[in-house]
2 protein chains.
Amino acid sequence: MITDRQLLILQAIIDDFIRNAQPIGSRSLSKKEGITFSSATIRNEMSDLEEFGFLEKTHTSSGRIPSEKGYRYYVDHLLAPERIKTDDRRIIRSIFADRIYELEKIVQKSAKILSELTNYTSIVLGPKVKDNKLKKIQIISLTKETAIAIIITDTGHVENKVISLPPSFDMNEIEKMANILNDRLVGVPLAELRDKIYKEVAVLLSQHIQNYGTLVSSLAETLDISNPPKLFFGGKTNMLKQPEFHDIDKVSSLLSLIDQEQGLYEIMKQNPAGIHVKIGRENNNVLLEDCSLITATYSVGEQQVGTIAILGPTRMEYSRVISLLEFFSKDMTALLTKLYQNY
Amino acid sequence: MITDRQLLILQAIIDDFIRNAQPIGSRSLSKKEGITFSSATIRNEMSDLEEFGFLEKTHTSSGRIPSEKGYRYYVDHLLAPERIKTDDRRIIRSIFADRIYELEKIVQKSAKILSELTNYTSIVLGPKVKDNKLKKIQIISLTKETAIAIIITDTGHVENKVISLPPSFDMNEIEKMANILNDRLVGVPLAELRDKIYKEVAVLLSQHIQNYGTLVSSLAETLDISNPPKLFFGGKTNMLKQPEFHDIDKVSSLLSLIDQEQGLYEIMKQNPAGIHVKIGRENNNVLLEDCSLITATYSVGEQQVGTIAILGPTRMEYSRVISLLEFFSKDMTALLTKLYQNY
DNA sequence: TGTTAGCACTCTGTACTTGTGAGTGCTAAT
DNA sequence: ATTAGCACTCACAAGTACAGAGTGCTAACA
C-alpha cells in the first residue's frame, strides 16, 4: 500500500515539476518546507513510487519526473481545489458583463479570455444549433438564378446560404414557397428540418410551385445544419511558451493539428457532462502525447449545448485550470440559461 | 556601373540561396552551369557586389548571402516570370469551379489553396462590403426585449445582429419600422447607411414609431458596417517549416503577430492595385524583418475589392509566387466580375 | 526497524581544445 | 583582364575534461 508520506512526496514532486519543468532530486526536495525527513529517506520513497509507476527518471542518475499514471493519481486524489483569485473572477465575469446577445461572440470572447488567464490554448466548441428551433425562414432573390435563404433560430442564430434557382423560375413563387415553409416548419428543431421537408412539405410545395424539385433539394441541403458546430480558439501560440515545446518539430505538428481543426473536433465532440481531464496518451493521439486536455461543458438549463477545453502540457496547472473551468462553466451556464431558457 | 557578369553572379547567388538557405562561396558557384569563369574571378566580382550593397557576409570568411537591397534589385530587374505548371493552374481554377456563391467561402478556400501551393502563409483581406448596396433589411423579434436585425446586400452578403428593444415596445411597430427602412434605404451603399438613417429616416420614424430613440441608435450601430473586412489565413504554421525560423522566439513572436490579426490588417489595408513586393524591413515592422510580403489585389469589374498576400521568408521564391498571384488575381477578378458585375 | 550518513558511481551540461572544410583576400604569373 | 596559388579566417564537429546533481547501496544509529 502507498503511505501518506509517499503521497506527500508525490505531491511535492508534481507541484514542483509543474512549476519548474525540471526533474527533481531527493536533495532539493528535502529542502522544501513541509518535508522533515532526509534525502536518503526520500530516495527510498521515490524508489518505491517509481516501482508503483507514479514516477519516472529521464536517465539513470537524474531526478524524478511524474509519469502519466502519477498525474492521473494526482488529479484523482491529491488535487486541492484552488481558490480563484478575485481578479480572475472579475475577468471571467467581464465576459458576460457586456450586453452581448450573440452566443458566438460570447463564446469567442470566452476562448480569448480563458487562454489569457491560463496561458494555455483554449478551445471552445460552439453551441449546438441542431436543437434550436426554427424561428423563421426567409428567401430573398438576388439575381435571376440565385436567391439567398436565411434561417433564424429561436436563440437568435442566423444561417444563410446562396441557393441557385431553377431556370425560368418565377420570382413570385419564392414568396409563396417561403410562406409554405414558414407555416409548416416554424418551431421545428433544426435537426429535424431536412426530414420534415421531404416528408411533409415537399408534397405541398409540389402542388403550388412549378419546377420545385431541384429547388427543394438545394434548400433542404441549406437547411441541413449538419454543419458541425464551430470551434473557437484562444492562445493558439501559447504552446510555444512552454519549455517542453521548444522543439520545433513537436510544436509544428501540434500547431498543425490545432490549425486543422478536424482532429480536435473529433476529440471535442465526445463531451460527457462535467469536468474531465485527459492526460497524455489518454487522448489517443500521438500528437497530444505530451499534452493534457481538460474539458468542461456548458448548458442552457438542463440541456448541455457546448464544450470548452484547455489544452496544455501534461505538466499543466491542473488545480488552477480545473477551478477556473468550473467557475467559468457555471457562470456561462447561468447566463445562457437566463438568456435563452424561457424562449 | 554594374556589369552583366556581376548581374549573372548576383542572380545565381540569389537563386541558389532561395533554394538552399545557405551562404554560397565562390568555389561552389564556379561549378554551377552557366558559370564559365574561375572562382577567383567570382571572388573579385562578389567583392564588388558586396561593395554595391547587394551581398552580405555572415562572417569574415563565409560565403555571401543576398542583402535586402540585393533582393530588391533581383525583384525589380532580374526576375524571369515563371511559367505556371499546368497542375498549379488546374488547382487554382478548381477554387472557382464549384458553384459557390458566397464570396467568403471562395476567399477562404483561396487562402487555403494558395498556402498549399506555395508552402508559405497566405493572407486574404476579404471583400470590402461597404461599397455593397443594401438589398433588404429584416427585423425579427426574438423576445420581449430583443429582436434580430438582418441586412442583406446585393452581393448576397448577410450581416446580423441582435438588438435590444426599448421596454414595452409594440411588436407591431417592428414591421412598420422595417418597412420604412426598406422603403428608404434599399440600394444605398452600406457605407452611407448610418448617415442616411440619421438624416433622412429618423424623422420619418419618429412620426410613426413610439419610443424610437434608443432603437434607432442601436439599429444605426448595427448597420454601421465599419466592421473592417475579415482576414482569412492559410498555412499559418508554414513558417515553422522554413529553416530560418527554427528559432522558437522568432517564430513565436511572428505567429503571435499573425494570430493577433490587428497588426496584419494595418499592413494589408493599404492596398495599391497590382502586385507589390515588400522585402524585410520595407515592411516597417521588426517582426517582419526577415519576411517578405507579396500582395495582389482583386476586383469586381474596375472596382478593387480585396487584397491577397503571401508571407514568407525574405528568401522567398519571388518568381513563382508572383506568377501564381498574378494568375490567381486575374482569375478571381474574372469570376467575381462575372458573378457580381451586372447586379 | 525505520531513518540517516556516507560513499562510489552515473549521467548531463559546459567549457576548452583541436582538426577540418569552405570560404576569403591578396599577389604574382599568364 | 583572368586565374592559380597561398596564407589566413571562421564555423562546426568531435573529443576530452570536469563540475554538479543525482542515484543506489551499505552500514551505523535511535
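Each chain gets a letter, A, B and so on, in the order the sequences are listed, and its residues count up from 1. Just the heavy atoms: all of them, side chains too, but no hydrogens, waters or symmetry mates, feed the values below.
A straight line from CG of B:Leu55 to C1' of C:dT24 spans 14 Å, rounded to a whole angstrom. Summarising the geometry, the separation between CD1 on A:Ile42 and C1' on C:dT3 is reported as 12 Å, rounded to the nearest angstrom. Atoms CD1 (B:Ile65) and P (C:dG23) sit 14 Å apart, rounded to a whole Å. Between the NE2 atom of B:His59 and the P atom of D:dC8 there is a distance of 19 Å, rounded to whole Å. Atom P of nucleotide C:dT3 and atom CD of A:Gln6 are separated by 10 Å, given to the nearest angstrom. The CZ atom of A:Arg27 sits 11 Å away from the P atom of D:dT23 (whole-angstrom rounding). Counting to the nearest Å, the C1' atom of D:dT3 and the CZ atom of B:Phe37 are 13 Å from each other. For the pair A:Asp48 CG and D:dT23 P, the interatomic distance rounds to 14 Å; values are reported in whole Å.
For the pair A:Ser62 and B:Ser39, nearest-nucleotide mapping onto DNA chain D gives the more 5' position to B:Ser39.
At the heavy-atom level, A:Thr58 lies nowhere under 4.0 Å from the strands shown. Residue A:Ser28 is in sugar-phosphate contact alone, with no base atom involved, counting any heavy-atom pair closer than 4.0 Å across all strands shown.
Atoms CD and OG, on B:Gln260 and B:Ser253 in that order, are 11.0 Å from each other to the nearest 0.5 Å.
The main-chain N or O of B:Gly274 is found under 3.5 Å from a side-chain atom of B:Thr297 such that the two form a donor-acceptor pair. Counting only distance, with no hydrogens or angles, the side chain of B:Glu244 and the backbone of B:Pro313 share no donor-acceptor pair below 3.5 Å. Between the side chain of A:Thr121 and the backbone N or O of A:Gly235, at least one donor-acceptor pair lies under 3.5 Å. Side-chain atoms of B:Gln11 come within 3.5 Å of backbone N or O of B:Leu78 as a donor-acceptor pair.
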field: Audit row: B:Ile248, A:Ile248, side-chain contact (heavy atoms from CB on, under 4.5 Å) steps and yes/no
entry: CA-CA 7 Å; B:Ile248 283 272; A:Ile248 282 273; 4.3 Å; yes

Distance-only criterion, 3.5 Å: show the donor-acceptor pairs between side-chain atoms of residues 15-25 of chain A and protein atoms not counting sequence neighbours.
{"residue": "A:Asp15", "atom": "OD1", "partner": "A:Tyr74", "partner atom": "OH", "Å": "2.7"}
{"residue": "A:Asp16", "atom": "OD2", "partner": "A:Lys32", "partner atom": "NZ", "Å": "3.1"}

Would you list the atom pairs, donor with acceptor, under 3.5 Å between side chains in residues 45-58 of chain B and any protein atom, with sequence neighbours excluded?
{"residue": "B:Glu45", "atom": "OE1", "partner": "B:Gln6", "partner atom": "NE2", "Å": "3.1"}
{"residue": "B:Glu45", "atom": "OE2", "partner": "B:Arg5", "partner atom": "NE", "Å": "2.6"}
{"residue": "B:Glu45", "atom": "OE2", "partner": "B:Arg5", "partner atom": "NH2", "Å": "2.8"}
{"residue": "B:Asp48", "atom": "OD2", "partner": "B:Gln6", "partner atom": "NE2", "Å": "3.3"}
{"residue": "B:Glu50", "atom": "OE1", "partner": "B:Arg64", "partner atom": "NE", "Å": "2.8"}
{"residue": "B:Glu50", "atom": "OE1", "partner": "B:Arg64", "partner atom": "NH2", "Å": "2.9"}
{"residue": "B:Lys57", "atom": "NZ", "partner": "B:Thr60", "partner atom": "O", "Å": "3.4"}
{"residue": "B:Thr58", "atom": "OG1", "partner": "B:Ser62", "partner atom": "OG", "Å": "3.0"}

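The phosphate of C:dT24 has OP1 or OP2 within less than 4.0 Å of a side-chain N or O from B:Ser26. The phosphate of C:dT4 (OP1 or OP2) has a side-chain N or O of A:Thr41 nearer than 4.0 angstrom.
Remark: B:Asp88 engages B:Arg320 in a salt bridge, criterion side-chain N to carboxylate O under 4.0 Å. A salt bridge links B:Glu116 with B:Lys112: the closest approach of a Lys/Arg side-chain nitrogen to an acidic carboxylate oxygen falls below 4.0 angstrom.
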Please list, for nucleotides 15-21 of chain C, all pairs of protein and nucleotide N/O atoms separated by less than 3.5 Å.
none

Report all interatomic pairs (protein N or O, nucleotide N or O of nucleotides 25-30 of chain C) with separations under 3.5 Å.
{"residue": "C:dG25", "atom": "OP1", "partner": "B:Lys57", "partner atom": "NZ", "Å": "3.3"}
{"residue": "C:dG25", "atom": "OP1", "partner": "B:Arg64", "partner atom": "NH2", "Å": "3.1"}
{"residue": "C:dG25", "atom": "N7", "partner": "B:Arg43", "partner atom": "NE", "Å": "3.1"}
{"residue": "C:dG25", "atom": "O6", "partner": "B:Arg43", "partner atom": "NH2", "Å": "3.3"}

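B:Thr41 and B:Ser38 share a donor-acceptor pair across their side chains, judged by distance under 3.5 Å alone. Donor-acceptor pairing under 3.5 Å is lacking for the side chains of A:Ser115 and A:Tyr120.
Comparing the start and finish of the helix from C:dT1-D:dA30 to C:dT30-D:dA1, five pairs each, the helix axis swings through 20°, to the nearest 10 degrees.
Here the side chains of B:Leu7 and B:Ile2 are in contact, with some heavy-atom distance below 4.5 Å. Between A:Asp259 and A:Leu255, every side-chain heavy-atom pair lies at or beyond the 4.5 Å cut-off.
Contacts between residues 10-25 of chain B and DNA chain C, defined by a heavy-atom separation below 4.0 Å, involve B:Gly25, listed by number.
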